[in-house]
Amino acid sequence: MKRTINIALFASGTGTNVENIFKYFQKNENIRIKCVLCNNKNAYVLQRAKNLELESLLFDRIMYNDEKLILNYLKIREIDFIILAGFLWLIPEYLINQFPNKIINIHPALLPKYGGKGMFGENVHKAVLENHETITGITVHYVNKNYDEGSIIAQKTVEITKEDTIETIAEKIHILEQKYFPQIIENIL
Ligand code: GAR
């Protein structure tokens, strides 16, 4: 019998996606959210993980570059998939090689537009607004060694109106992420 699929979440921010994904799979016997790996000691996701009784690992650049340390951490927990839920560092090649087509990212825009280094959070929505886009959305994609360039798995869109601001676009994206991201993950698994 196939054992449970174990997932590690990587996050750098407030962790609304982490919490949503965790709760979505909480009662699923085949899929387990095992841990959160975080690169930012001030990130609220660490407190959220504590509240959810979800194990977390805080790491710095030195730890992140220590291939053995990170791979061993994931190996001990029998991690099968990695989900980036607002994680802002580039994924190193050692992780991509170890998890081929098993690292998934969510991006708060319709790639290939508005991706790349520095394109996260409000920066994305600001660029979308300044370019007078009439739609935006979310992209879930496989991760390769370049920011936001891996093959696209799914996209969901939402209209932008003349009244929209960075804040209202952020809210629309948040709603899409909460509604669709866990479902898309489930479909892939
Ligand atoms: C999400 O909107 C996610 O799409 C975005 O960071 C936010 C994290 O929010 N990711 C990127 O911008 C990746 N380039 P959260 O910490 O509340 O889940």
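Atoms within each ligand, like the ligands themselves, are counted from 1 in listed order. Just so you know, these numbers use all the heavy atoms, side chains as well, and skip hydrogens, waters and symmetry mates.
- Here the straight-line distance linking atom SG of Cys35 with atom CD1 of Ile7 works out to 10.5 Å at 0.5 Å rounding.
- Between the side chains of Gln47 and Asn51, a donor-acceptor pair is found at a separation under 3.5 Å.
- Under the 4.0 Å criterion applied to side-chain N and carboxylate O atoms, Glu177 and Lys156 are not assigned as salt-bridge partners.
- One side chain, Tyr114 or Glu133, offers a donor N or O that lies under 3.5 Å from an acceptor on the other.
- A salt bridge between Glu19 and Arg48 is present, with a side-chain N of the basic residue lying under 4.0 Å from a carboxylate O of the acidic one.
- Residue Ile160 is not grouped with residue Leu110 when hydrophobic side chains (ILVMFWY) are merged at heavy-atom distances under 4.5 angstrom, including chains of intermediate members.
- Enumerated by chain and number, the residues approaching ligand 1 to less than 4.0 Å through a heavy atom are Gly13, Thr14, Gly15, Thr16, Asn17, Gly86, Ile106, His107, Pro108, Met119, Phe120, Gly121, Glu177.
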